[in-house]
Amino acid sequence: MNAQDQPFATAADGRLQAIAEAFAIATPVRGLAPLGSGNVNDTYRVEAADGSLYVLQRLNTGVFPRPELVMGNIATLGEHLDGRPAPRLRSGRSWELPRLVPARSGGASWLERDGQAWRLLTHIDDSVSHDTVQDSGHAREVGRALGRFHLLIHDLPCAQLADTLEGFHVTPRYLAAYQELLDSRGLDQACEASRFCRAFVAEREALVPALEQARLQGRLQERPIHGDPKVNNVLLDRRSGEAVALVDLDTVKPGLVQYDIGDCLRSGCNPAGEEAADLNAVSFDLALCRPMLGGYLELARPFLTPADLELIPTAVRLISFELGLRFFSDHLAGNRYFKCRHPRHNLERALVQFRLVQSIEAQQGAIEALVEELG
Ligand code: GN1
Ligand code: MG
């Protein structure tokens, strides 16, 4: 089933309450409201009868066809962290990980309702997140959040994690899929933006295998990764602004840390954000990259190899390009993967990422120097 074939439930739907109440929480549920701005799953904040908060999600099985593997990875991650004390933050608060709440009967970690997969997670209380980086302090916390996450999971053996989304972040696979789409569906020649995107991709084909080649050559090793460490997945303590959690654990699986580092910097160093309406506002801000990468390395530096560091500048460029390619491909495919608000939405998102790539390319030397300086 494709992502777009699944009806998106609304908070007004009484069915949602029944689904939330099928999990082991205090009932009746007091409140239920949409949460966040994810491009794939549907997310709701749930308030239980005792006032405690939870996060209810409908997992998009068009994207994640094997929910049991996704939940298995989240459970494995939880067990891995249970074996050690939760890191204490400067504010005295502990670092948190969203946990799966079992179903009321049978204790499963997720439920199937009308062919859809639902799960309930613990809520990270007294926290906030933003879609774009607010200032250099926020940038540092976003970097520290990813560094802490990598530090906590780097010794979790990859063999214990399932591959929940085959080919995720393997750029050559996205390029191959894109080329098939171009061959089968063609391009709207009347659309200038589409012609621009096609030329933009064609000019950068040599970049595509950069990370996968390094992996095949043994220069980079697979490790557990988060898979989607974008700015709004970093939760900050409401009072101190310190990062307290990195949420959205669906894409935790074996991969390259460069995917995560590249994605974090791609998302965090573009203050105009992924949904920027004005392309001229899109740029890669080195003044944000410095604290973000610095914050990351503060925690992650001890387990990174020289090759890991060397490939960071390539990763920043590649992952921004890759996301642009994924958006453009989805536009060509008829918007089947990412949720869209209008038919050109994915095309516009692709243009934002490609503009970001241009800005990264214009500063490639400075990015390399920064990585060398901080590493
Ligand atoms: C998707 O659903 P969301 O917003 O958490 C996507 C990421 C992209 C991101 C871009 C499983 O994440 O890879 O970077 O959109 N997740 C998946 O906003 O494809
Ligand atoms: Mg995500």
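Quantities reported herein were computed from a predicted structural model and do not represent experimental measurements. Start at 1 and go down the list; that is how both ligands and their atoms are numbered.
Atom 15 (O) of ligand 1 has as its closest protein heavy atom Asn39 ND2, 3.2 Å. The closest protein non-hydrogen atom to atom 16 (N) of ligand 1 is Val40 CG2, 4.0 Å. Regarding atom 13 (O) of ligand 1, its nearest protein heavy-atom neighbour is Arg326 NH1, 2.9 Å. Protein heavy atom closest to atom 10 (C) of ligand 1, with residue, atom name and distance, is Glu274 OE1, 3.3 Å. Nearest protein neighbour of atom 4 (O) of ligand 1, counting heavy atoms only, is Lys230 NZ, 2.6 Å.
Under 2.8 Å from the Mg ion (ligand 2), one finds the following protein N/O/S atoms: Asp228 OD2, Asp248 OD2.
When Phe64, Phe338, Phe327, Tyr337 are ranked by how near their heavy atoms come to atom 19 (O) of ligand 1, first place goes to Tyr337. Summarising the contacts of atom 5 (O) of ligand 1 with Asp228, Ile319, Val231, the nearest heavy atom is found in Asp228. The nearest non-hydrogen atom to atom 8 (C) of ligand 1, considering only Asn233, Thr43, Leu323, comes from Leu323.
By the criterion of a heavy-atom distance under 4.0 Å, the side chain of Asp248, and not its backbone, is placed next to ligand 1.
Within 6.0 Å of CD in Glu68 there are more than 12 heavy atoms belonging to other residues, nucleotides or ligands. For Gln217, the CD atom sits in a packed shell: over 12 heavy atoms of surrounding residues, nucleotides or ligands are nearer than 6.0 Å. In the displayed structure, Arg344 atom CZ is contacted under 6.0 Å by at most 12 heavy atoms of other residues, nucleotides or ligands.
Thr305 and Asp308 are linked by a side-chain donor-acceptor pair at a separation below 3.5 angstrom, with hydrogens and angles left out of the test.
Applying the 4.0 Å criterion to heavy atoms of Phe168 picks out, from ligand 1, the atoms 13 (O), 17 (C), 19 (O). Atoms of ligand 1 lying under 4.0 Å from any heavy atom of Gly38, numbered from 1 in the order shown and given with element: 2 (O), 4 (O).
The CZ atom of Arg219 lies 12.0 Å from the CG atom of Leu256; values are rounded to the nearest 0.5 Å.
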**Item:** Intermediate values then yes/no, ring pair (Phe, Tyr, Trp, His ring centres under 6.0 Å), Tyr296 and His150
**Value:** CA-CA 9 Å; Tyr296 173 76; His150 280 175; 5.5 Å; yes

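Taking the six-membered ring where tryptophan is involved, the planes of His154 and Phe303 are essentially parallel, since the angle between them stays under 30° and well short of 60°. Note: Phe200 and Phe321 have parallel aromatic rings, judged against thresholds of 30 and 60 degrees for the angle between ring planes.
A salt bridge links Glu212 to Arg215: one of the charged nitrogens lies within less than 4.0 Å of a carboxylate oxygen. Checked for salt-bridge contact, Arg266 and Glu274 meet the test: a charged N lies under 4.0 Å from a carboxylate O.
Test Leu156, Leu69, Leu77 against Leu161 for side-chain contact (heavy atoms from CB on, under 4.5 Å) and you get one pass: Leu156.
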